[in-house]
Amino acid sequence: MKRFEGPTAIVTGGCRGIGQAMVEKFASEGATVYAMDYVSPDNGSDYIENEALRPSVKCIQADVSSEESVNAAIKTIVDESGQIDILVNNAGITRDGLVMRMSEQQWDAVLNTNLKGAFLCSKAVCRPMMSKRKGRIINIGSIVGTIGNAGQANYSASKAGMIGMTKSMAKEFGSRNILVNLIAPGYVMTKMTDELNEDQKNAFLEHIPLKRGATPNDIANVAAFLASEDSSYMTGQVLRVDGGLEM
Ligand code: NDP
């Protein structure tokens, strides 16, 4: 049985990695999903391997760090589908460096995409959700938002900021039945972590009780739970999906 009955979902950064896995999962569970990405694929939803899911996936270009770009994309989606039920703020970048060498540009790029981007997208969808008195916002944070990471002051600050934002929005939107939660993944095997060298990867694995990195599907399954009726009494929560790395 499918989990959803025809909702409209948006996944930012939905054309790759964890975002793509969530797009596929939501589509397989009965949602129409807009993959909102910085660069939209040339051949639309053809990047989705399972051909049967492609009609349920639409690609829309937007830079989440720009209010103008976000508002234009959300307007297109509302005009097309008449509703937005689920937003996943997943788009994220890293620009690593030690604080003493980190440039203002590295700091701003990460905060603007990861934190401001999530704020702008949430702001843009909250009106249509409020008028329906129903909605789900799922933020993709990181365990480094609570434990920190040398070389990632900008990234961990953005992810820590998302926790505060999640809880504030949960309090603001709760009376309208809009639930806001955050998933904090640990080490997930995507292009983002491909950039780590073998020593860095092994250091992670050594500290993960489950002795493996997460697949994007491990995260997508929890996102589907948070988007479904199964989690209808949960809001303002941080769910760590990290194989036990942080405990
Ligand atoms: P990827 O780098 O594989 O994918 C990120 C996606 O976001 C890309 O499609 C990228 O587009 C898109 N994106 C980047 N900037 C923007 C923007 N300004 N506007 C719209 N889209 C944008 O990352 P992951 O799948 O690994 O990560 C997804 C999320 O999970 C991120 O928030 C990340 O911080 C978080 N996370 C990841 C972990 C991991 O181990 N991988 C661990 C913990 C958290 P483009 O390809 O065009 O750049």
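Ligands are counted one by one from 1 in listed order, and the atoms in each one are counted from 1 as well. Residue indices begin at 1 and follow the sequence shown.
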Report the nearest protein non-hydrogen atom to [atom]: residue, atom name, distance rounded to 0.1 Å.
atom                    : answer
atom 24 (P) of ligand 1 : Thr190 OG1, 3.7 Å
atom 5 (C) of ligand 1  : Gly92 O, 3.9 Å
atom 47 (O) of ligand 1 : Tyr38 CB, 3.6 Å
atom 7 (O) of ligand 1  : Gly13 CA, 3.4 Å
atom 36 (N) of ligand 1 : Tyr155 OH, 3.5 Å
atom 31 (C) of ligand 1 : Asn90 O, 3.1 Å
atom 38 (C) of ligand 1 : Val188 CG2, 4.0 Å
atom 11 (O) of ligand 1 : Asp37 OD1, 2.7 Å

Indicate yes or no: does an N/O atom of [X] lie under 3.5 Å from an N/O atom of ligand 1?
X      : value
Asn114 : no
Val64  : yes
Asp63  : yes
Ser65  : no

Hey, is [X] touching ligand 1 through its side chain, its backbone, both or neither, going by heavy atoms under 4.0 Å?
X      : result
Thr94  : neither
Ile18  : both
Ala214 : neither

Indicate whether the side chain of [X] and that of [Y] have a donor and an acceptor atom separated by less than 3.5 Å.
X      : Y      : result
Asp96  : Gln152 : yes
Asn89  : Ser122 : yes
Asn217 : Thr215 : no
Asp85  : Gln83  : yes
Thr166 : Asn139 : yes

Seminar exercise, completed: Heavy-atom closest pair (Thr113 atom, Gly92 atom, distance to 0.1 Å) is CG2-CA, 4.3 Å

For this session: Measure across Met247 and Pro209 and return the closest heavy-atom pair with its distance rounded to 0.1 Å.
Result: CE-CG, 3.7 Å

Exercise. Can you tell me if Thr12 has a non-hydrogen atom under 4.0 Å from ligand 1?
Worked result: no

Problem set entry | Atoms of ligand 1, numbered as shown, that sit under 4.0 Å from any heavy atom of Ser142 | 43 (C), 44 (C)

For this session: Identify, by atom number and element, the atoms of ligand 1 in contact range of Thr193, meaning under 4.0 Å from any of its heavy atoms.
Result: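 Going through ligand 1 atom by atom, the ones under 4.0 Å from Thr193 are 39 (C), 40 (O), 41 (N).
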
For this session: Classify the angle between the aromatic ring planes of Phe4 and Phe26 as parallel (below 30°), tilted (30 to 60°) or perpendicular (above 60°).
Result: perpendicular

Problem set entry | Test item: Asn114 and Lys159 side chains (from C-beta on) under 4.5 Å apart, heavy atoms | yes

Problem set entry | Cationic N near anionic O, under 4.0 Å, Arg212 to Asp218 | yes

Exercise. When you look at Ser131 and Arg176, which way does the side-chain hydrogen bond (donor to acceptor under 3.5 Å, both in side chains) test go after all the steps?
Worked result: CA-CA 8 Å; Ser131 60; Arg176 309 296 176 95; over 6 Å; no

